[in-house]
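Contents: one structure, followed by commentary.
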Amino acid sequence: MRYSEEELRKKLQLYFVMGSNNCLKDPEIVLQEAIEGGITFFQFREKGTHAKKGSEKIKLAKKLQAICKQNGIPFIVNDDLELALEIDADGIHIGQEDEDPLKVRKMIGDKLLGISVHNLNEANQALAQGANYLGVGPMYETTTKKDIREVKGPEVIVELRENNLTVPIVGIGGIQKGLIKSVIEAGADGVAVISAISNSENPREAVKDLLEEMK
Ligand SMILES: Cc1ncsc1CCOP(=O)(O)O
Ligand SMILES: C=C1C=NC(C)=NC1=N
Ligand SMILES: [Mg+2]
């Protein structure tokens with residue numbers, strides 16, 4: 001793996017997840033400003049209404065990947081295994097209904113593999129399948145993802161830690177200013193955020209505000 005578990009745990013502190021359709025303005029500008037604000041990890045998640053496809057999607061992925069590379073920020077691709085391999089991304093993030101993780105692992109070698117989980121059973125399964133980190137959620141109500149599972153809150157993370165799962169974990173779903181501490185205190189290593197940053201008029205300030213809560 002490209003990062004030790006401890007390096008990965010630190011890197012996952014403020015995980016920006018975004019696609020062009022989550023942004024108020026040019027996604028390259030949004031990413032640049034979010035990096036200036038201090039995000040530590042990035043996922044390209046081009047999905048849902050008005051998401052780019054084909055060569056448009058590849059072109060945007062390469063531009064955002066270059067910005068991450070210039071700033072030493074890990075670049076992860078959501079779902080799209082072919083894209084992740086084609087542009088040599090640092091890793092891939094998949095959900096419960098996506099490709100079989102064992103098959104994905106065979107294809108990606110030592111790249112990072114993140115898996116979305118909703119409960120202890122899915123978490124244990126994801127670990128058995130070689131996940132390097134878990135995205136646990138949804139933590140709170142959100143409209144960013146259309147097909148979210150039941151909102152269970154940070155208690156799920158408490159349960160994973162109580163069951164001695166030490167794997168790096170980010171909480172995701174409806175995380176805004178004021179909600180960060182509840183996720184970190186539940187035992188997450190970081191938070192994954194879409195709209196609180198991408199929908200902001202000032203992504204840099206939005207990121208700084210979120211980081212402020214993690215001190
Ligand atoms: C991708 C994903 N997975 C669970 S909730 C969610 C959407 C998170 O978006 P936001 O941070 O805007 O609530
Ligand atoms: C659904 C998701 C859960 N967690 C993370 C980190 N990314 C996702 N796309
Ligand atoms: Mg998915």
Side-chain angles (χ1 to χ4, degrees), residues 3 8-9 11-24 27 30 34 39-49 51 57 61 64 68 73-84 89-101 103-104 111-119 122-123 126 129 131-154 156-157 160 167-180 182-184 186 188-200 203 206-207 209-210 213:
Y3 296 93
L8 179 56
R9 202 181 294 284
K11 283 262 174 203
L12 285 171
Q13 189 189 25
L14 184 49
Y15 189 160
F16 182 30
V17 177
M18 173 267 271
S20 59
N21 57 338
N22 303 123
C23 295
L24 295 183
V30 173
I39 61 164
T40 53
F41 216 82
F42 179 72
Q43 177 187 133
F44 179 56
R45 178 176 178 274
E46 192 68 14
K47 192 173 185 181
T49 43
K57 179 179 177 182
L64 300 182
C68 286
I73 304 282
F75 180 88
I76 305 292
V77 170
N78 183 59
D79 287 357
D80 192 335
L81 179 58
E82 193 184 336
L83 176 62
D90 293 309
I92 186 167
H93 188 96
I94 55 176
Q96 291 298 313
E97 69 291 338
D98 292 315
E99 295 278 1
D100 167 20
K103 181 174 164 255
V104 170
K111 290 179 186 304
L112 291 169
L113 173 61
I115 300 183
S116 307
V117 301
H118 187 69
N119 56 45
E122 289 178 0
Q129 292 168 324
N132 298 117
Y133 74 83
L134 303 181
V136 183
M139 294 285 107
Y140 298 103
E141 278 306 327
T142 178
T143 55
T144 305
K145 177 182 169 76
K146 298 297 157 247
D147 56 338
I148 55 163
R149 308 267 294 275
E150 177 209 350
V151 174
K152 285 192 180 161
V156 179
I157 298 175
L160 300 189
V167 60
I169 287 175
V170 289
I172 187 168
I175 298 179
Q176 315 277 337
K177 251 167 68 172
L179 296 176
I180 305 270
S182 64
V183 178
I184 301 298
D189 297 288
V191 293
V193 170
I194 302 185
S195 57
I197 298 171
S198 69
N199 270 348
S200 165
V207 168
D209 288 347
L210 297 176
E213 289 191 22

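Numbering starts at 1 and runs along the sequence shown. Both ligands and their constituent atoms are indexed starting at 1 by order of listing.
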Of all heavy-atom pairs between Ile92 and Leu81, which one has the smallest distance, and what is that distance? CD1-CA, 3.5 Å

Evaluate the ring pair (Phe, Tyr, Trp, His ring centres under 6.0 Å) criterion for residues Tyr15 and Tyr133: first the C-alpha distance (whole Å), next the side-chain angles of each, then the deciding distance (0.1 Å), finally the verdict. CA-CA 12 Å; Tyr15 189 160; Tyr133 74 83; 5.8 Å; yes

At their closest point, which heavy atom of Ile94 faces which heavy atom of Glu99, and how far apart are they? CD1-O, 3.6 Å

So does Thr143 get a backbone contact from the side chain of Lys146, meaning a donor-acceptor N/O pair under 3.5 Å? yes

Report whether any nitrogen, oxygen or sulfur of Glu97 sits less than 2.8 Å from the Mg ion (ligand 3) (N, O or S, backbone or side chain). no

Work out which heavy atom in His93 is nearest to a heavy atom in Ser116; give both atom names and the distance. NE2-OG, 2.8 Å

N or O contacts of ligand 1 with protein under 3.5 Å, please list pair by pair.
residue, atom, partner, partner atom, Å
ligand 1, 11 (O), Ile194, N, 2.9
ligand 1, 12 (O), Thr144, OG1, 2.5
ligand 1, 12 (O), Ser195, N, 2.9
ligand 1, 12 (O), Ser195, OG, 2.5
ligand 1, 13 (O), Thr142, OG1, 2.6
ligand 1, 13 (O), Gly174, N, 2.7

Take Asp79 and Lys47 through the test salt bridge (charged side-chain N to carboxylate O under 4.0 Å, His left out) and record every step on the way to the result. CA-CA 9 Å; Asp79 287 357; Lys47 192 173 185 181; 3.1 Å; yes

Hey, does the side chain of Glu213 reach the backbone of Gly178 with a donor-acceptor pair shorter than 3.5 angstrom? yes

Dump all N/O pairs between ligand 2 and the protein below 3.5 Å as a table: atom names plus distance, one pair per row.
residue, atom, partner, partner atom, Å
ligand 2, 4 (N), His93, NE2, 3.4
ligand 2, 7 (N), Gln43, NE2, 3.0
ligand 2, 7 (N), His93, NE2, 3.4
ligand 2, 9 (N), Gln43, OE1, 3.0
ligand 2, 9 (N), Asn78, OD1, 3.4

Can any side-chain N or O of Ser198 pair as donor or acceptor with the backbone N or O of Met18 at less than 3.5 Å? no

Would you say Glu97 has more than 12 foreign heavy atoms packed within less than 6.0 Å of its CD? yes

Taking Asp189 for its side chain and Ile169 for its backbone only, find out whether a donor-acceptor pair lies under 3.5 Å. yes

Heavy-atom closest pair, residues Ala34 and Pro203: N-CB, 4.2 Å

The Mg ion (ligand 3) - closest N/O/S atom in Asp98: OD2

The Mg ion (ligand 3) has as its nearest N, O or S atom from Asp79 the atom OD1

